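Take this structure first; my questions come after.
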Amino acid sequence: MQLHPRHAWAVTPREAIALQQDLKGEIDTGRPLALPDVRLVAGVDVSVKNGLSRAAVVVTRLPDFAVVETVLATRPTPFPYVPGLLSFREGPVLEEAFGKLGTEPDVFIFDGMGIAHPRRIGIASHMGLWLEKPTIGCGKTLLVGRFEALGPEKGAAAPLVDKGETIGVALRTRGRVSPVFISPGHRIDLASAVAVTLAATTRFRLPEPIRLAHAAAGTL
DNA sequence: GCGACAG
DNA sequence: ATCTTGTCGC
């Protein structure tokens, strides 16, 4: 599918932060996405080992999660892990994988944050600009923000707040299991991001497309 | 200055 | 993310 690269990835940490500040104003988190319009859901994940990064994008079709397409890409890991700058570590290999996509998913779910980020532009938001399609951030642990206790049942949720701003939700995708952190990436609002996440989750903590992508990326 | 810190 | 042993539960 069509990609919209906005800048080169070979930058210093300082330049990376400047780019995030330049781009964050373009992130759209006010667009509803109705479930009936969601047919193809893609899961995105990256595995890293011995200086190499492998990206996997698995496109599934609701409601049965039949795999429509799987694309892989492997490249040298170009950037260290720096909290807040994950997109500069995983962006290059993701860009290559997205370029191989023959189908056009209705929404992408990322392993990582959307706007639940210090500068409101986590990897799901950042790559959303490349894709110009709805993207959702689904993190397993917190990067920024706080939340109040939530019920133990599946579907329980609590707003994720940072500096007085609601940036996502802590969402229980499975009873009595630690919540995941959902935030809009780009071209989708928070309520829709939560609805899509629940629609893409079965019996496990993580959404099915993410689990499939994680397995496809392997351990290198 | 101190603590926090996606994957 | 990756490194790692045992352990709890379906």
Side-chain angles (χ1 to χ4, degrees), chain A residues 9 13-14 16-17 19-20 23-24 27 29 42-58 72-98 108-130 135-147 152 154 160-163 165-171 173-186 190 193-194 197 202-207 209-220:
Chain A
W9 294 108
R14 286 197 58 172
I17 290 173
L19 283 169
Q20 291 179 325
L23 295 172
K24 72 175 186 179
I27 302 303
T29 60
V44 182
D45 190 39
V46 175
S47 64
V48 179
K49 191 175 185 181
N50 298 325
L52 289 180
S53 292
R54 171 171 293 166
V57 180
V58 177
L72 298 173
T74 304
R75 296 191 50 171
T77 304
F79 202 87
Y81 170 68
V82 179
L85 300 181
L86 183 63
S87 52
F88 292 85
R89 178 176 172 83
E90 303 189 345
V93 70
L94 284 177
E95 180 179 308
E96 182 175 330
F98 290 145
F108 293 77
I109 303 180
F110 286 72
D111 197 331
M113 304 303 181
I115 62 168
H117 176 281
R119 289 168 293 280
R120 308 295 184 255
I121 179 165
I123 192 163
S125 299
H126 202 142
M127 299 318 295
L129 294 175
W130 263 239
T135 60
I136 296 168
C138 176
K140 300 183 292 297
T141 63
L142 211 48
L143 174 59
V144 290
R146 296 198 60 212
F147 63 99
K154 176 175 182 176
L160 180 59
V161 180
D162 182 47
K163 297 176 179 174
E165 177 182 3
T166 295
I167 56 177
V169 302
L171 178 68
T173 50
R174 180 181 176 178
R176 296 177 49 222
V177 168
S178 30
V180 293
F181 302 95
I182 303 301
S183 56
H186 180 48
L190 178 54
V194 169
T197 298
T202 59
R203 64 197 304 190
F204 305 101
R205 182 192 182 211
L206 298 179
I210 287 289
R211 299 183 68 248
L212 292 168
H214 189 79
T219 181
L220 275 181

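Keep in mind it's a predicted model, so treat the numbers as computed, not measured.
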Taking the side chain from A:Glu90 and the backbone from A:Ile123, do they hold a donor-acceptor pair closer than 3.5 Å?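 No; zero donor-acceptor contacts below 3.5 Å.
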Are there runs of at least three consecutive Watson-Crick or G-U pairs touching DNA chain B, with each pair's two distances under 3.5 angstrom? Give them by first number. none
Can you give the dot-bracket line for DNA chain C, using ( ) for pairs inside the strand, [ ] for pairs that cross earlier ones, | for pairs with another strand and . for unpaired bases, where Watson-Crick and G-U count if both distances are under 3.5 Å? ..........
Check the distance between B:dA6's P and A:Asp45's CG and give it to me in whole angstrom. 15 Å
Looking for any heavy atom pair under 4.0 Å, which part of the strands does A:Ser53 touch: base, sugar-phosphate only, or nothing? nothing
Starting from P on C:dA1, measure out to CG on A:Leu85 and report it in whole angstrom. 18 Å
Specify whether A:Phe98 and A:Phe108 have parallel, tilted or perpendicular ring planes, treating 30° as the upper limit for parallel and 60° as the lower limit for perpendicular.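 Correct class here is perpendicular.
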Looking only at side-chain N and O atoms, does A:Thr141 come under 4.0 Å of OP1 or OP2 in B:dG7?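 Yes, within the criterion.
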Which atom pair, heavy atoms only, marks the closest approach of A:His186 to A:Leu129? NE2-CD2, 3.7 Å
When the distance from CG of A:Leu160 to P of B:dA6 is rounded to whole Å, what number comes out? 13 Å
Please check: side-chain N/O of A:Thr135 versus main-chain N/O of A:Ala124, any donor-acceptor pairing under 3.5 Å?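 Yes: the side chain of A:Thr135 pairs with the backbone of A:Ala124.
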Which heavy-atom pair separates A:Ser87 from A:His126 by the least distance, and what is that distance? OG-ND1, 3.0 Å
Rounded to the nearest angstrom, tell me the gap between atom CG in A:Asn50 and atom P in C:dC3. 8 Å
What's A:His126 touching, base or sugar-phosphate or nothing? Going by heavy atoms closer than 4.0 Å.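 Since no nucleic acid heavy atom lies under 4.0 Å of A:His126, the category is nothing.
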With a non-hydrogen cut-off below 4.0 angstrom, is A:Gly122 in contact with a base, only sugar-phosphate, or nothing? base
Output yes when a side-chain donor or acceptor of A:Arg89 lies under 3.5 Å from a complementary backbone atom of A:Phe79, and no otherwise. yes
Heavy-atom nearest nucleotide on DNA chain C for A:Leu220 versus A:Arg203: which residue maps closer to 5'?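 Its nearest nucleotide lies further toward 5', so the answer is A:Leu220.
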To the nearest angstrom, how far is A:Ile210 atom CD1 from C:dA1 atom C1'?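 Result: 14 Å.
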Proximity to the side chain of A:His214 - top-ranked nucleotide from B:dG7, B:dC5, C:dA1: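 The answer is C:dA1.
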Under 4.0 Å between any heavy atoms, over every strand shown, what does A:Leu142 touch: base, sugar-phosphate, or nothing? Just pick one.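 The answer is sugar-phosphate, as A:Leu142 gets under 4.0 Å only of primed atoms, P, OP1 or OP2.
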Is the shortest heavy-atom distance from the side chain of A:Leu220 to the side chain of A:Asn50 under 4.5 Å?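 Side-chain contact under 4.5 Å: no.
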Rounded off to whole Å, could you give me the CZ-to-P distance for the A:Phe110 and C:dA1 pair?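 Spelled out: CZ on A:Phe110 to P on C:dA1 is 16 Å.
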Donor-acceptor pair, A:Arg205 side chain versus A:Pro179 backbone, under 3.5 Å? yes
Test item: A:Ser47 side-chain N/O and A:Ala217 main-chain N/O as donor-acceptor pair under 3.5 Å: yes
Starting from P on B:dG7, measure out to CZ on A:Phe181 and report it in whole angstrom. 9 Å
Would you indicate, yes or no, if B:dG7 has its OP1 or OP2 atom less than 4.0 angstrom from a side-chain nitrogen or oxygen of A:Lys140?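 It does, given that an N or O in the side chain of A:Lys140 lies less than 4.0 Å from OP1 or OP2 of B:dG7.
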With the criterion set at under 5.5 Å between ring centres and under 30 degrees between planes, would C:dA1 be stacked on A:Tyr81?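 Here the ring of A:Tyr81 and the base of C:dA1 are not stacked, as the 5.5 Å and 30° limits are not both satisfied.
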Of the nucleotides B:dG7, C:dC3, B:dC5, which one has an atom closest to the side chain of A:Asp111? B:dG7
In whole Å, what is the span from the CD1 atom of A:Ile115 to the P atom of B:dA6? 18 Å
Which part of the nucleic acid does A:Gly137 contact within heavy-atom distance under 4.0 Å: base, sugar-phosphate only, or nothing?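 Nothing: the residue A:Gly137, judged by heavy atoms under 4.0 Å, touches no strand.
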Specify the closest pair of heavy atoms between A:Ala216 and A:Arg54, including all atoms of both residues, with the distance to one decimal. O-CD, 4.4 Å
